[in-house]
S.K.: 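So that we are looking at the same thing, I have put the structure below in structure tokens.
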Amino acid sequence: MVYFREEQRFEWFWTAVWLIPVVIIGYGLYRQAVSAILLLPALAVTAVVTVWLNQSKLITEVRTEGLWIRFVLLFPERTIAWREIRGVEALTYRPIKDFGGWGVRWAARGIVYNARGKHGVRMVLASGERVLVGSQRAEDLARAIRDRTSA
């Protein structure tokens with residue numbers, strides 16, 4: 001059973017940033033048919049990265065068996081069993097300054113799964129590992145986790 005579910009995509013800004021090289025290279029292909037063979041691989045790579053980034057999303061679910069986290073097209077799924085969670089708190093953080101950006105990040109402060117925004121839920125696991133999951137509904141997610149743990 002799913003008690004909480006949230007899907008988040010990267011901010012549209014990052015797709016736009018990747019589209020700029022696609023447009024520039026595409027224009028170069030249009031203007032310079034002779035050098036098209038050199039520009040074609042660059043166009044293919046930037047187009048693929050743009051589509052990949054646009055299709056990536058972070059899915060967070062509070063399920064019967066534990067907290068399920070999946071970053072589609074970016075990272076394998078992870079389930080954190082309820083018995084592993086020792087502490088939970090909703091917080092505001094600075095993605096770039098604290099963790100170097102968005103996505104899946106490893107830092108001295110633990111592992112972070114974030115797609116957008118600056119709100120999330122930090123958990124301390126029995127192993128001492130710290131996990132931060134970005135959420136646009138951080139208070140709701142923290143409450144759903146607390147309802148299923150002793151944290």
Side-chain angles (χ1 to χ4, degrees), residues 1-28 39-149 151:
M1 181 167 191
V2 176
Y3 301 98
F4 174 92
R5 179 181 170 86
E6 181 177 23
E7 283 189 27
Q8 300 176 79
R9 294 188 181 273
F10 287 110
E11 296 280 353
W12 64 268
F13 171 79
W14 297 112
T15 301
V17 165
W18 277 97
L19 278 174
I20 292 169
V22 170
V23 170
I24 291 169
I25 294 167
Y27 180 73
L39 291 175
L40 205 52
L43 178 64
V45 168
T46 54
V48 166
V49 169
T50 301
V51 170
W52 170 75
L53 188 62
N54 195 44
Q55 296 301 309
S56 296
K57 62 183 170 181
L58 173 62
I59 303 171
T60 309
E61 291 182 353
V62 172
R63 297 179 173 179
T64 305
E65 63 274 7
L67 178 66
W68 185 80
I69 306 163
R70 180 161 183 231
F71 227 129
V72 176
L73 300 177
L74 188 62
F75 204 75
E77 67 183 55
R78 177 177 183 183
T79 301
I80 301 172
W82 298 126
R83 68 181 179 283
E84 294 181 46
I85 300 173
R86 297 289 181 259
V88 179
E89 70 172 315
L91 56 88
T92 300
Y93 62 98
R94 300 164 300 186
I96 294 174
K97 189 169 184 178
D98 294 343
F99 302 105
W102 292 270
V104 179
R105 303 289 184 166
W106 288 268
R109 297 179 179 152
I111 189 169
V112 179
Y113 302 87
N114 61 0
R116 66 184 317 146
K118 59 183 182 176
H119 302 285
V121 174
R122 180 173 41 210
M123 294 163 284
V124 177
L125 306 185
S127 65
E129 179 185 12
R130 291 175 288 180
V131 178
L132 182 112
V133 179
S135 175
Q136 301 305 297
R137 299 167 37 210
E139 292 294 336
D140 295 339
L141 176 57
R143 189 176 315 106
I145 294 169
R146 276 192 216 103
D147 288 348
R148 280 146 196 86
T149 66

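In what follows, residues are counted from 1 in the order of the sequence shown.
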S.K.: Spell out, as yes or no, whether a donor-acceptor pair under 3.5 Å connects the side chain of Trp82 to the backbone of Thr64.
M.R.: yes
S.K.: Which heavy atom in Leu125 sits nearest to a heavy atom in Arg86, and how many Å separate them?
M.R.: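 Smallest interatomic distance, heavy atoms only, reads C-CG, 4.0 Å.
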S.K.: Would you mind reporting whether Leu132 and Leu91 have side-chain heavy atoms less than 4.5 Å apart?
M.R.: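 When only atoms from C-beta onward are counted, Leu132 and Leu91 do touch, with a gap below 4.5 Å.
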S.K.: Side-chain contact test, heavy atoms from C-beta onward, threshold under 4.5 Å: evaluate it for Ile80 versus Val131 and give yes or no.
M.R.: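 Ile80 vs Val131: side chains touch.
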S.K.: Given Tyr3 and Trp68, is the ring pair (Phe, Tyr, Trp, His ring centres under 6.0 Å) satisfied, shown in steps?
M.R.: CA-CA 11 Å; Tyr3 301 98; Trp68 185 80; over 10 Å; no
S.K.: Rounded to the nearest 0.5 Å, what separation is found between the NE2 atom of His119 and the OH atom of Tyr93?
M.R.: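 The NE2 atom of His119 sits 9.0 Å away from the OH atom of Tyr93.
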S.K.: Is there a donor-acceptor pair under 3.5 Å between the side chain of Arg5 and the backbone N or O of Val2?
M.R.: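 No: the side chain of Arg5 does not pair with the backbone of Val2.
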S.K.: Answer yes when Arg137 and Glu6 have at least one side-chain N-carboxylate O distance shorter than 4.0 Å, and no when they do not.
M.R.: no
S.K.: Report yes if the side chains of Arg116 and Gln136 come closer than 4.5 Å at any heavy-atom pair, otherwise no.
M.R.: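 Yes. Closest side-chain heavy atoms under 4.5 Å.
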S.K.: Give a yes or no answer on whether the side chain of Gln8 reaches the backbone of Gly117 with a donor-acceptor pair at less than 3.5 Å.
M.R.: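 The answer is no, because no donor-acceptor pair under 3.5 Å joins these two groups.
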S.K.: Considering all heavy atoms of both residues, which atom of Arg146 and which atom of Val88 are nearest to each other, and what is their separation?
M.R.: NH2-O, 3.7 Å
S.K.: Which heavy atom of Gly120 sits nearest to which heavy atom of Ala138, and what is that distance?
M.R.: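 Looks like O-CB, 3.5 Å.
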S.K.: CG of Asn114 to OG of Ser135: how many Å apart, nearest 0.5 Å?
M.R.: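 Nearest 0.5 Å value for the CG-OG distance: 11.0 Å.
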S.K.: Which atom pair, heavy atoms only, marks the closest approach of Ala144 to Val62?
M.R.: CB-CG2, 3.9 Å
S.K.: List the atom of Ser56, the atom of Leu73, and the distance in Å for their closest heavy-atom pair.
M.R.: OG-CB, 3.9 Å
S.K.: Salt bridge or not for Arg78 and Glu61, using N-O below 4.0 Å?
M.R.: no
